[in-house]
Every structure is written in structure tokens, then in C-alpha cells.
Amino acid sequence: MKNLDNYEQVSSQIEYAAKRFLFLKEHWRWKTLPRKKRQQKLKALLCAPLADFSIVYTLYFRWKWVDIFQKVMLPTNATVLEIGAGASDMIPKALYQYSNVASYITVNMNQALAKQQLRKTRAMKHNIQIIADDANNIQQHLHGKQVDCLVFEHSCNDILQTFLAEQYGIDTTNSEWFSILPDMIRLINEQYESGTFEQSLKELFMHLLNACLCVLKPGGLLVISHYMFQMDLDWGYNPSLWEDMLLLIKPWLLQVTELAEEQVSGLDPQWWLVMRKV
């Protein structure tokens, strides 16, 4: 696997980042983890598929997202729309660390995952809105409002898998996610290995993206991240597909005339894509 980041650079700054980006209880968890153990977990996080969702994982990715918001000069009163968040609280908490007057919106059809995310973010003081619908219908819910940033935080694979699952009659709205994940992995592997990945998925993905771009302000940002989970590899995910997921869909996005790729220092194009609506 290609490294997520430069270990030496990250390790030299991570103690400062812990003080800056962790909440009080999180920082206590950080401090109770021996320094040597923190460094070992950091090296594993950056150099191998993710298998440990520890406080080191939380800190590293929250730090990266805040750093991106700073480098692209996201307005402090920004509205961020996340697609495919599932139960993750990574973006709302990173956004809060960036600015406590920013607003967060996500669209989530899976009821169980939406409830988990709501529980994790209930104590957050900034404006959080979870919409129970298909992201293709986002315009109907925003009523003319536009957002400053559109985020796909490790969700492109989930979105593509969902498209295939629905074609094969798998209920992705009411099912427990991990109970259907092995079948979704099998389906997306079949498309990749048979050479029909783009033919089966590009049009569906681009339809969803274009629906979301309709609510993104001119000059607004699209940020996509990807990384690998060891569990998915253990369940049979094709290693090449899993590692190169973002590189496979990037050519689709480069064809969108109203988007221009933006280079942000510190982001490896294997794992990150930043584009601005022109």
C-alpha cells in the first residue's frame, strides 16, 4: 500500500496537533496512551490498511481535514454538505474545530447509521442537519440554499457499492450495514474484474454528483478522501480496486467542465482530490 502520509513529518507535529484538535476527553485518552504506543499506532496508520480505529486515527484525520479547510480558506461561517457519511462524525467534529459557527448537513438513507451519527454529534453546539433521503434529491431539501463545500469522506466506495446493491435487490436503507457489506464487496469486485466497472457505475455516480453540484456555490469546493480498511481486504475486496478507488473515478470528475482540480500541499493524489467549482 502507498503510504497515506510522511511519517517523519507527521510524527514531529502530532503532539501539538493533539493539544489543538482533540476535545478534552479525547486528549485524556491520548495522554493515557504511552508515547511509544502512539508512535507505533501512527506508523501503522500511515503505512498499512487501517485496522485500528484508535484515538491516533481520530486525531490524524481530524487534523488533515482542519488543515484542508484552512488551506482552501473555507469561510468560517461555511455550510458543508457531506455525502455518504454513514455513522461517521469525522467531518462535523473537524468542522467544529475549524469554526464553531459553521454548519453541517448530511444526507443519509440508512436509518441505523443516521441514528448512530446523531448520537455521536448530539453534544456539538454548531448547526447539524441530517436529511433522511437520497442525495439525488438534495435540492428539494435546501430550498434554494447553496453550500460552500461538498465532502465525500471515504464514501465513494460506499456509494458505488450501494448502486450495485440496489440493482441486485439488496436493501441498503433498512439493513444493518455490515451484514450486507460482504455481498456489496462481491458485486463491486465482479464489475472491476470483468472490466465493466465504469460502464456499470459512472453514469449513476455522475448523476448523483451533478445533483450535489447544483447546490454548491460558484467558487465552492469538492473534497474527496479515500483510504483502505483491512477488514474489507479480509472480506475479499480486490486489493488493486480498494487501493486505487479514487484514481479510478478521478477521470470521470475531470470531465466536469464546471470543476477545476486544485492542488493542496500535503495531500497525496492517491488518497485525496480537491476541486473548485468555477
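All values derive from a computational prediction rather than experimental measurement.
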Under 3.5 Å: donor-acceptor pair, side chain of [X], backbone of [Y]:
X    : Y    : value
T106 : E82  : yes
D89  : Q117 : no
R38  : W30  : yes
K71  : S265 : yes
S175 : T172 : no
N77  : V101 : no
H27  : F21  : no
S103 : N127 : no
N6   : Q9   : yes
R276 : A260 : no

Distance check, rounded to the nearest 0.5 Å: [X] atom [atom1] versus [Y] atom [atom2]?
X    : Y    : atom1 : atom2 : result
E262 : L222 : CD    : CG    : 11.0 Å
L45  : S54  : CG    : OG    : 7.5 Å
I170 : T162 : CD1   : OG1   : 9.5 Å
L241 : F197 : CG    : CZ    : 5.5 Å
L22  : L59  : CG    : CG    : 4.5 Å
Q139 : L142 : CD    : CG    : 8.5 Å

Same cluster for [X] and [Y] if Ile/Leu/Val/Met/Phe/Trp/Tyr side chains link at under 4.5 Å?
X    : Y    : value
F178 : I185 : yes
I224 : V264 : yes
L46  : F53  : yes
W28  : I14  : no

Minimum heavy-atom distance [X]-[Y], with the two atoms named:
X    : Y    : answer
Q70  : Y98  : CG-CE1, 3.7 Å
L74  : A78  : CG-CB, 3.6 Å
P269 : L247 : O-CD2, 3.6 Å
I83  : C212 : CD1-SG, 3.7 Å
L216 : L150 : CD1-N, 4.0 Å
P218 : Q146 : CD-OE1, 4.0 Å

Can you confirm whether [X] sits close enough to [Y] that some side-chain heavy atom of one is under 4.5 Å from a side-chain heavy atom of the other?
X    : Y    : answer
M90  : Y57  : yes
K41  : L33  : yes
W65  : S225 : yes
Q161 : L187 : no
D234 : F229 : no
W271 : L246 : no
S11  : Q39  : yes
L4   : L50  : no

Checklist entry - Do the rings of W272 and F61 sit parallel, tilted or perpendicular, given the 30° and 60° boundaries? => result tilted
Checklist entry - With a 6.0 Å cut-off on ring centres, are Y237 and Y192 close enough? => result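 Ring-ring flag for Y237/Y192: false, centres at least 6.0 Å apart.
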Around atom [atom1] of [X], are there more than 12 heavy atoms of other residues, nucleotides or ligands at under 6.0 Å?
X    : atom1 : answer
Y16  : OH    : no
E203 : CD    : no
K277 : NZ    : yes
Q199 : CD    : no
W235 : CH2   : yes

Next on the checklist: Let's go through E26 and I55 carefully: what are the C-alpha distance in whole Å and the side-chain angles of both, what is the deciding distance for side chain to side chain contact (heavy atoms under 4.5 Å, CB included) to 0.1 Å, and is it a yes or a no?
Outcome noted: CA-CA 7 Å; E26 292 173 335; I55 190 64; 3.8 Å; yes
Checklist entry - Should the pair D67-K64 be classified as a salt bridge under the 4.0 Å nitrogen-to-oxygen rule? => result no
Checklist entry - With the threshold set at 4.0 Å, does a side-chain nitrogen-carboxylate oxygen contact exist between E190 and R186? => result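 Yes, charged N to carboxylate O under 4.0 Å.
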Checklist entry - Among E153, Q270, H154, which one satisfies side-chain hydrogen bond (donor to acceptor under 3.5 Å, both in side chains) with Y227? => result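 Among E153, Q270, H154, the one that satisfies the side-chain hydrogen bond (donor to acceptor under 3.5 Å, both in side chains) with Y227 is E153.
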Next on the checklist: As a test of understanding, state which of V274, V223, D5, L273 forms a side chain to side chain contact (heavy atoms under 4.5 Å, CB included) with L267.
Outcome noted: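 It is V274, the one option of V274, V223, D5, L273 that forms the side chain to side chain contact (heavy atoms under 4.5 Å, CB included) with L267.
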Item to check | From CA spacing to verdict: side-chain hydrogen bond (donor to acceptor under 3.5 Å, both in side chains), D183, Y168 | outcome: CA-CA 10 Å; D183 284 332; Y168 284 84; over 6 Å; no
Checklist entry - Are W252 and E198 close enough, and set up right, to give a side chain to side chain contact (heavy atoms under 4.5 Å, CB included), and what steps lead you there? => result CA-CA 9 Å; W252 308 350; E198 180 171 326; 3.5 Å; yes
Next on the checklist: Between F23 and R62, does the side chain to side chain contact (heavy atoms under 4.5 Å, CB included) criterion hold? Intermediate values first, please.
Outcome noted: CA-CA 11 Å; F23 296 103; R62 186 180 300 164; 3.5 Å; yes
Item to check | Intermediate values then yes/no, side-chain hydrogen bond (donor to acceptor under 3.5 Å, both in side chains), N238 and E193 | outcome: CA-CA 8 Å; N238 182 294; E193 292 163 5; 3.0 Å; yes
Checklist entry - After noting the C-alpha distance and the side-chain angles of D232 and L181, does the key distance pass the side chain to side chain contact (heavy atoms under 4.5 Å, CB included) rule? => result CA-CA 9 Å; D232 293 69; L181 184 55; 3.9 Å; yes
